[in-house]
Structures are given as structure tokens and as C-alpha cells.
Amino acid sequence: MPESVIFLDYLFILVPKLVSKSAIVKRQLYEKQGAKCFYNLSSIGKGKDQKNSNDKVVIVLQNYKSLRDKINKDFLVKCLDIEYDDRSFSLKSIVLKYPIVKNDWIVESLKAGKVLPLQQFAYDISHVRVDSEISQDYLLELSDRSTKARKISEIKNQDGPATKQIKLEDTDELEKALASLSNREKFKRDNQDNDDEDDEDLLADYMAVSKNVSGPNKEIIFFFNKMANEYKQVGESYKYVNYRKAINTISKLDYPLKTYDEAIKLPNIGKSLALKIEEINKTHKLSKLFFLQNDIKYSTLNKFMKIYSVGPTIAKNWYDRGYRTIEDIEKKVDNLTSNQKLGIKYYNDWNSKIPREEVTQHYEFVKNIALKEVDSKLEIFIMGSYRRGLPECGDIDILITKKNCNDKSELAAILSKLISRLKSKDHNNYIQCSLIHSGINSKSLKFYGGCLINENSKCRRIDFLMVPYEELGASLIYFTGNDIFNRIIRTIAIKKGLNLSNIGLTFKKTGEKCIENSHDEKTIFDYLGIKYRNPEDRNIGY
DNA sequence: TTGACAGCGCATATGC
DNA sequence: GCATATGCGC
DNA sequence: GTCAA
């Protein structure tokens, strides 16, 4: 460790969660100074390696200067991810437990080269406004800004890759400069520059914040989202789907949903959900959620199902046999499959989100090797939430095709070669493990596994998919998602007597292709009679 | 009241 | 040894 | 979970 590490044993909770270039760079800087960084309280308690008992937890208000007027109770509750059920109680107890400081504290400490006392930078909690009308004003303002942000980012996207390239290089330069922080003057200068972030950065931040707090039915959506995730994690997948559909319905409304009668008329909202909406409006709680979260059975199933390759059946089976912890499973279950063993080995890594910036690194890394060492004519895309523009991803989904190549055996050979290159020592054993073994030497068009971009990073889940060129359009749609968006357009296809899959669009009765060569997404949208939506506009149901 | 809610490839278990 | 069933992830 | 048969 260099001598300049001053935040060893400190654990920062950075609020609000900011996703702009400069915010990420700052976070990396804090980490280089020994701090552990998180964005909310719920993530610091979970997992083995996250919090030591001697860690000093400090809540840091990022961009305090520009966000000062926006900070209120709702804001803190949302950012810190405090349970809604008992938020008034929790907020107070948390404030008593952990100091809240302005980001100046970090800046000044870095300048001084030592940790300064917290008191003079403390944020006075008595300033936190609980007045809901002020909060509403803020929400309005935020939604304005986020609309503006979306428009601007669309325009930027149309500029094409050239702009992005430059942006990336900028970040690298900045990072390098900050990394060699032997001279603090440089940081001082950069940091002042960063405080006046350019419009795009600021707007990106607002988007990230507003995502959590906007809309007239934000409270209902908050609870339903929690319910959806609970059900997903205990294997009640149809309940999960329906909650997500209900959220989709509700988030389109521009008025607050007040009564049972009003709610039950809406699509995908029946008796049970209408009752829950009423309960939320009356009590600002949801007893069922509280029950699910605190029930030993559900929380145990949840824990087990987070192991890759453990689903509802096996989780229930283990629960019924009396197992309650991952340690129980490791010790007492003797018929774990090889994938389940990997799932346990990488339990923490694979349950962590991947920052968008890291996915970009993986993309550049893999693309470079694929084009230089395998076949220079390949076309490579990153799918999933990355393509939809989200700031974090669950895994890395890489789609590979080759212009005008529909030969599956050729594609399979390309995949085998790529995987063996990525596994080799020449590339630091980038591929660490495989979840699919067949097809390494032959016909498979997909590979699932774990990969490591550098020694300090976590092992990430990565999927490769080889796609014949004529299936590219359908594959792009399918693997971009999100899942709810896919279900909806599949249903549209079915209503028109068609069948949409990752392979293509076919007539339901005869199975014949509707479109001979569908390497373009737009062709398929057109055929279905729906207007083209950019990947960023396919994030349905939050 | 009851079944559908997408359907496929892979690893593994079970049956013959 | 081969065919089929099950569980899982996508 | 909802919906439709």
C-alpha cells in the first residue's frame, strides 16, 4: 500500500448514487485511498467480505453543493434504501448511528493528506425537510430534468461511436492522472474542474436519482417492485411477472391511484393487487412484504436460489431437509453438481452488480482478441441491460455474428477458437471457469462461464452467443430484452398469427418464415406493426 | 373453477 | 448403453 | 399474481 492511503478502515456510503463519468472516477479514487464504497445501507450488511467490525461507516453527500436544496427525508430514505415500513424510525436511528458529512470532508482530507475531524463537515439532520409538498416540488423538477436528460442523451447517441471513443479516452486520462496521486495539487485542480460538471454528467446523475423517486405512484411502485423481487427470488415466477406487469401499468399513469375501484379496472391489476394498493395508500406499509422479508422459509429459499444453478425445486428440497445456511449446504449436501459448486464458490461475485464502465472494458478486451486472433470480419455486440443503457449490469452478454455467414458449423468453430484464446495464459486466463462444457470442441453456438478482467476485479458471469447473420435482427431483440418487453411483443406477434423467437418471425400455422433475411431489428418491428423503440426505451416496468 | 402464462439447449438423474 | 424426464437458465 | 375459457 502506498503511504498516501488515508481512508483505510473507512466505509463510505455515497448518496445519492451518481453514475456520471466524474462520479465514478471519484469513487475509484476513494477506493485507492483505502475506502470501501457503497451506495446504500442494505448492501453493507450483506455478504461476507463487505464490512469489518472495525470499519468506520460514514455517509457522504455527493455533489452537496448542487444537490443541497434537494435533500429531504424521502430523498435520504430512498438513497439509503431504508425499509419503507418503518422509515421514520429508521432514519432517526441511522442518523444517530452513522455520521452524515458533505463531500467537502473527503476533498479537504485528501488535500491535507490525513483524515480531518468529521464534526466541521457534518450535515445537520435538523435541516432535513419532511414537508411532503416541498418534496413534490422537487419530484416535479426532477422529472423535468430527466426528460431533458433523455432527449440530450438521444442526440448524443446519434453522434455515433466517434464521440464515445473520445469520451472514453478522456476518462482514461483522468483516471491515470488521479491514480498517480503522489501530488495533491493535481487532484485539487481536477476536482475543482469536476465540481462544475458538464451538462451531460449532471443530467446523467439526475436521471439516476429520479429513477428512484419520480412519478405520482412512486410509493406503490416501490412496494410492488420489492414484492416482485421477493417472489422472483423464491421461485414464484408468475407472480414476479405479474407484479412487473402491474408496475408497467401503474407507471404509465399521470395521476395518483387512490381507490380499490379505480385500481381494479386497470389491466393486470385484480382483486389482490387492488387491495394492496389500498393498504399502501392508507398505511404506507405492505404487511405481506414485511411477512415475506421476515419469514424464515422465504428468506432461506431466497438465499439458496441466489446460488447459480439452484432453482425453486432444489431450494425447497434443501429447506425441507433442514438446511438453513450456505455453510450447511457446503458441509452437508454431497450431491452438488459442478455448476452449483461454482455457484457457491462465486456466490458473492456473481450476486454483485457490474458497473457499466467495467462491462465496456470487457467488451473492448474481448473484441480486440476476437478480431485480431480469431476472425477480423466478426461483428460483436453487448446485449442485455448494457444495450438498454443501464448504469449497472447483472452479467455480460456478448453476441457475435459474421456478415452474411449463416453456416452454423463455421460459427461454432469460431466460438471454440475464441474461448480457447480467452482461456489461455497469453490473456491471463480471462475465462476462469465454464458452466457449459459440451461444444467447446464442436457444435454448440453458446458458451456460459466466469471471467476476470484483472486481478483486483470480481469474477463476472459472461455469456457468448454465436448468431447466424440471417437471425441477427430477431436475436438482437430477444437478447436485448428486457424480459417484460419481450413477453409483450411476443404476445403482439401471437395476436397477429405470428410467432416471434430469437431465431426469427414465423407464421404460427405453417411455421414458415415471414421475413427471409431478418438481420435488421427494424424489419421485424415493421412487420409486427409496432414502431421501433430504441434499446433504452425497452426498460419496461420500473 | 381451472389451466396458461414461451420454449429451447444443456447437465444430470432415472428408467429400461 | 440408450431413451426419456427433470431442473435450470436464458 | 391475472386473465380467459
Take atom [atom1] of [X] and atom [atom2] of [N], then tell me their distance rounded to the nearest Å.
X	N	atom1	atom2	value
M305(A)	dC8(C)	CE	C1'	9 Å
K232(A)	dC10(C)	NZ	P	10 Å
I436(A)	dC8(C)	CD1	C1'	11 Å
D395(A)	dC10(C)	CG	P	6 Å
K443(A)	dC8(B)	NZ	P	19 Å
Y243(A)	dT2(D)	OH	C1'	11 Å
I494(A)	dA6(B)	CD1	P	8 Å
Q340(A)	dT6(C)	CD	C1'	13 Å

**Asked** Does the ring of F479(A) lie flat against the base of dC10(C), closer than 5.5 Å centre to centre with planes under 30°?
**Response**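 No, the aromatic ring of F479(A) does not stack with the base.
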**Asked** Any donor-acceptor pair under 3.5 Å between the side chain of Y448(A) and the base of dA11(B)?
**Response**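 No pair found.
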**Item:** Whether F365(A) and Y430(A) hold their rings parallel, tilted or perpendicular, with breakpoints at 30° and 60°
**Value:**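 If you compare the ring of F365(A) with that of Y430(A), the planes turn out tilted.
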Could you tell me whether [X] and [Y] make a salt bridge, using a distance below 4.0 angstrom between a side-chain N and a carboxylate O?
X	Y	answer
R324(A)	D328(A)	no
K446(A)	D463(A)	no
E357(A)	R27(A)	no
K288(A)	E279(A)	no
K458(A)	E358(A)	no

Nucleotide nearest [X] (side chain, heavy atoms from C-beta), chosen from [options]:
X	options	result
K446(A)	dT2(D), dC10(B), dG7(C)	dC10(B)
T337(A)	dG7(C), dT12(B), dG1(D)	dT12(B)
Y308(A)	dG9(C), dC8(C), dA6(B)	dG9(C)
I314(A)	dA6(B), dG7(C), dC10(C)	dG7(C)
K276(A)	dG1(D), dA6(B), dG9(B)	dG1(D)
N268(A)	dG1(D), dC3(D), dA11(B)	dC3(D)
Y238(A)	dC8(C), dT2(D), dC5(B)	dC5(B)

**Request:** Quote, to the nearest angstrom, the C1' distance that separates dC8(C) from dT2(B).
**Result:** 27 Å
**Request:** Using the C1' atoms only, state how far dT2(D) lies from dC8(B), rounded to an integer number of Å.
**Result:**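 About 26 Å, rounded to a whole number of Å.
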Are OP1 or OP2 of [N] and a side-chain N or O of [X] less than 4.0 angstrom apart?
X	N	result
S237(A)	dC5(B)	no
R487(A)	dA6(B)	yes
R461(A)	dC10(C)	yes
S309(A)	dC8(C)	no
S444(A)	dC10(B)	yes

**Request:** Would you check if there is a donor-acceptor pair between the side chains of D483(A) and Y240(A) at a distance under 3.5 Å?
**Result:**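 Note: Y240(A) and D483(A) side chains meet the donor-acceptor criterion.
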Base, sugar-phosphate alone, or nothing: which one does [X] contact when heavy atoms must sit under 4.0 Å apart?
X	answer
V241(A)	nothing
S338(A)	sugar-phosphate
K245(A)	nothing

**Message:** For N335(A) and K508(A), find the nucleotide of DNA chain B closest to each by heavy atoms; which residue's nucleotide sits nearer the 5' end?
**Reply:** K508(A)
